[in-house]
Amino acid sequence: MNWVQVPQLSLLAGQYHGVVSNGYANPLGGLNAWCGTTGYMNSIADVSQFAGQTVRFALRLGSDTSAGDTGWDVDDVTVQSCQPANIDVSPLSMSSMQAANTTTNQTLTVANTGGGTLNWQIAEEPVALPENAGQRVPAQPAATCDNPADVSWLSLSPASGSNAGGANTPVTVAIDSTGLPAGIYTANLCVTSNDPDPGPGNGAGLVVVPVQMMVDQSCISGTVYAYDTSQPMPGAHVQVCSATDSCNVAETDASGQYAVCGLDAGEYDILAFPAPNRNVLPATLGPVTLPASTVVGDQDLILVAPAAPPAGTTITNIGIASSGLPVVYWASDLTLTTHGCTAGTASYEVDHDGGIVRSGTMAEGPDGVYTAVIPQLQPVHGYATITITLTCPGGGVTTISFGMYIDPSGHVFTTGGVPIGGATVTLYRSDASGGPFAPVPNGSGLMAPENRTNPDTTDAAGRFGWNVLAGYYVVRAEAAGCYAPGTRTRRTWRALCCPYRLRSPILTCVWNAPPWE
């Protein structure tokens, strides 16, 4: 056993009285010690230098040859942490879909992962949904807790408590729809405590837990995954559209889950865009049949990695996206080329949304090089897959499959029809036709991965474009030397898009109405 004396500087209270003399055969001679005669005292030692180790603590008594006495009395030795309380609340959001006149119970866990005693209490705050957000779930209430008040459809047990270090308290959250009409109800649970820093996204001493209740709603819900079902994707945007292109957009939560409620009975198509900075492609699902007053769950989408053309296979393009996919212009004929065996036969198919939109044979020439011209794809746009089948003499078959993005770019022209390269175009969005409109954030998941740059710049042909989720959009174009008719002071203009997607807008530098599809 290797014993180490706690040094004088580590005693925060009740320090040693002095140094033991070396002159009287005391085994502690020359060491700091509590000496002489004194009443009971309280000593506090900082032993943090031994954190993470298994140690023993001992008090050592040394006597000399000069005198005798009764020694020391020792009482109440305690080892404790000096770390403050640390609150950990789980989950950080709660939701319930339920019928009218029913009560569901969920559990909110308040834990103390610190060392001191955690004192906490929970208040309720009613929150109104943002305008036009009634059909999008989860809609996030404002995380303020500035106006706490009783929420009639919520009750908590317990609503306050004290946790020792390492302890937790389960809180029963009762969500009661009794007497409430169908709709979406939102509130905040405002958890305050003596933890001075409860976590990111909240003010000092405050954790905000949004709560939502959907009563008698027709909903479509599911989970968005990346690559496989072991990797849920938070922050993905999901669009649910009816056959009449009435669409709603939701964002997946921390568990990759989404839900869209308040829908009419009918059939719906689902489209998921990946979260920012995820190198996977959008995915589609549907049609999904939704009966009235029903929740259709488990509508999961798996977003997979893009498959770029292999070496030796090319297609006419206007660029290569960050995903590695070729970007082809929808109004141009495309030349598809691949290499393989000589004297074989080859054909191609273009698959878009589960349907073949183009197909044909590929001619050989020179030897081992197969080529086809694919007629322009307009009005087809978005993601597509090309599959090439090459049959060699003797019966060997090679299949090549890769993805591409069909770009429905608009243009910026002069009034004389001359393309304007280098023009600045900015995309604005609103949930309502009357606005207000705000710029779509650069990199936002509301835009398809092939172009998430906003504002953007037209290429040499004056082209620009985004593939976007449902909403109302305004595009602003600006170019040096361009102005509205009758004035030479205005350098920008705006045009309103249809409420579904931007589809081949043609913008000029004058106030002419663009032909929105």
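Both backbone and side-chain heavy atoms feed into the values below; hydrogens, waters and symmetry mates do not.
The CH2 atom of Trp466 sits 11.0 Å away from atom CG of Asp407, with the distance rounded to the nearest 0.5 Å. Atom OG in Ser242 sits 5.5 Å away from atom OH in Tyr268 (nearest 0.5 Å). With values rounded to the nearest 0.5 angstrom, Met214 atom CE is found 5.5 Å from Cys219 atom SG. One finds the CE atom of Met94 at 8.5 Å from the OG1 atom of Thr104 (value rounded to the nearest 0.5 Å). Atom OH of residue Tyr348 and atom OG of residue Ser401 lie 15.0 Å apart, to the nearest 0.5 angstrom. Note that the OH atom of Tyr428 and the OH atom of Tyr473 stand 14.5 Å from one another [nearest 0.5 Å].
Here the side chain of Arg429 pairs no donor or acceptor atom with the backbone of Leu446 at under 3.5 angstrom. Formation of a donor-acceptor pair under 3.5 Å by the Thr186 side chain with backbone atoms of Val127 is found in this model. With hydrogens and angles ignored, the 3.5 Å screen pairs no side-chain donor or acceptor of Thr335 with any backbone N or O of Thr316. The main-chain N or O of Val260 is never found under 3.5 Å from a side-chain atom of Asn248 such that the two would form a donor-acceptor pair. For the pair Tyr370 (side chain) and Cys341 (backbone), a donor-acceptor distance under 3.5 Å is present. Looking only at distances, no side-chain donor or acceptor of Glu251 sits under 3.5 Å from a matching main-chain atom of Gly445. Looking at Glu125, its side chain never comes within 3.5 Å of a backbone N or O of Asn188 through a donor-acceptor pair. Here the side chain of Asn442 pairs a donor or acceptor atom with the backbone of Asn454 at under 3.5 angstrom. Listed for the Thr338 side chain is no donor-acceptor partner under 3.5 Å among the backbone atoms of Thr313.
Among pairs with a residue in residues 349-363, none fulfils side chain to side chain donor-acceptor pair (under 3.5 Å), at least two apart in sequence or across chains.
In the model, Thr252 has no side-chain atom that pairs as donor or acceptor with a side-chain atom of Gln257 under 3.5 Å. A donor-acceptor pair shorter than 3.5 Å cannot be found between the side chains of Ser218 and Thr294. The closest side-chain donor-acceptor pair between Gln376 and Ser332, if any, does not fall under 3.5 angstrom. When only modelled atom types and interatomic distance are considered, Asn451 and Asp456 share a side-chain donor-acceptor pair under 3.5 Å.
Contact check for Val418 versus Phe413: no side-chain heavy atoms found under the 4.5 Å cut-off. The shortest side-chain heavy-atom distance between Ile220 and Leu263 falls under the 4.5 Å cut-off. Between Cys145 and Leu206, the closest side-chain pair of non-hydrogen atoms falls below 4.5 Å. Side-chain contact between Gln231 and Tyr225 is absent, with no heavy atoms from C-beta onward closer than 4.5 Å. Val89 is listed as a side-chain neighbour of Leu108, based on a closest heavy-atom distance under 4.5 Å. Side-chain contact between Glu364 and Val369: absent, with no pair of heavy atoms (C-beta onward) separated by less than 4.5 Å. No side-chain heavy atom of Val288 sits under 4.5 Å from any side-chain heavy atom of Glu267. Asp300 is not listed as a side-chain neighbour of Val224, based on a closest heavy-atom distance of 4.5 Å or more.
For the pair Pro291 and Ala265, the tightest heavy-atom approach, listed with the atom from each and the gap, is C-CB, 3.9 Å. Between Pro91 and Val209, the closest heavy-atom pair is O-CG1, 3.8 Å. Between Phe273 and Arg452 the shortest heavy-atom distance is CB-NH2, 4.0 Å. Pro306 and Ser323 get closest at one heavy-atom pair: CG-O, 3.3 Å. The two residues Pro232 and Thr223 come nearest to each other via the heavy atoms CB-CG2, 4.3 Å. Counting all heavy atoms, side chain and backbone alike, Ala461 lies closest to Pro419 at O-CB, 3.2 Å.
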**Study point:** From CA spacing to verdict: side-chain contact (heavy atoms from CB on, under 4.5 Å), Val350, Ile356
**Key:** CA-CA 6 Å; Val350 179; Ile356 305 300; 6.0 Å; no

Point to revise | Intermediate values then yes/no, side-chain contact (heavy atoms from CB on, under 4.5 Å), Leu271 and Val238 | key: CA-CA 6 Å; Leu271 168 64; Val238 180; over 6 Å; no

Practice item. Assess whether side-chain contact (heavy atoms from CB on, under 4.5 Å) is satisfied between Phe402 and Thr385, documenting all intermediate values. Key: CA-CA 6 Å; Phe402 65 90; Thr385 300; over 6 Å; no

Exercise for review: Start with the C-alpha distance between Thr389 and Ser347, add both sets of side-chain angles, then the distance that settles side chain to side chain donor-acceptor pair (under 3.5 Å), and finish with yes or no.
Suggested key: CA-CA 5 Å; Thr389 303; Ser347 62; 4.6 Å; no

Check your understanding: Under the side-chain contact (heavy atoms from CB on, under 4.5 Å) criterion, do Val327 and Met404 qualify, and how do the steps go?
Key -> CA-CA 6 Å; Val327 178; Met404 67 179 180; over 6 Å; no

Exercise for review: Could you go through the side chain to side chain donor-acceptor pair (under 3.5 Å) check for Gln121 and Thr192 one step at a time?
Suggested key: CA-CA 6 Å; Gln121 47 279 322; Thr192 54; 3.0 Å; yes

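Atom CG of Asp228 sits in a crowded spot, with more than 12 heavy atoms from other residues, nucleotides or ligands closer than 6.0 Å.
Results of the side chain to side chain contact (heavy atoms under 4.5 Å, CB included) test with Val468 over Leu427, Val440, Val249 single out Leu427 as the only residue that passes.
Note on ring orientation: taking the six-membered ring where Trp is involved, the planes of Trp330 and His381 are perpendicular (angle over 60°, cut-offs 30° and 60°).
Every salt bridge (Lys or Arg N to Asp or Glu O under 4.0 Å) that Asp459 has, sequence neighbours left out, goes to Arg463.
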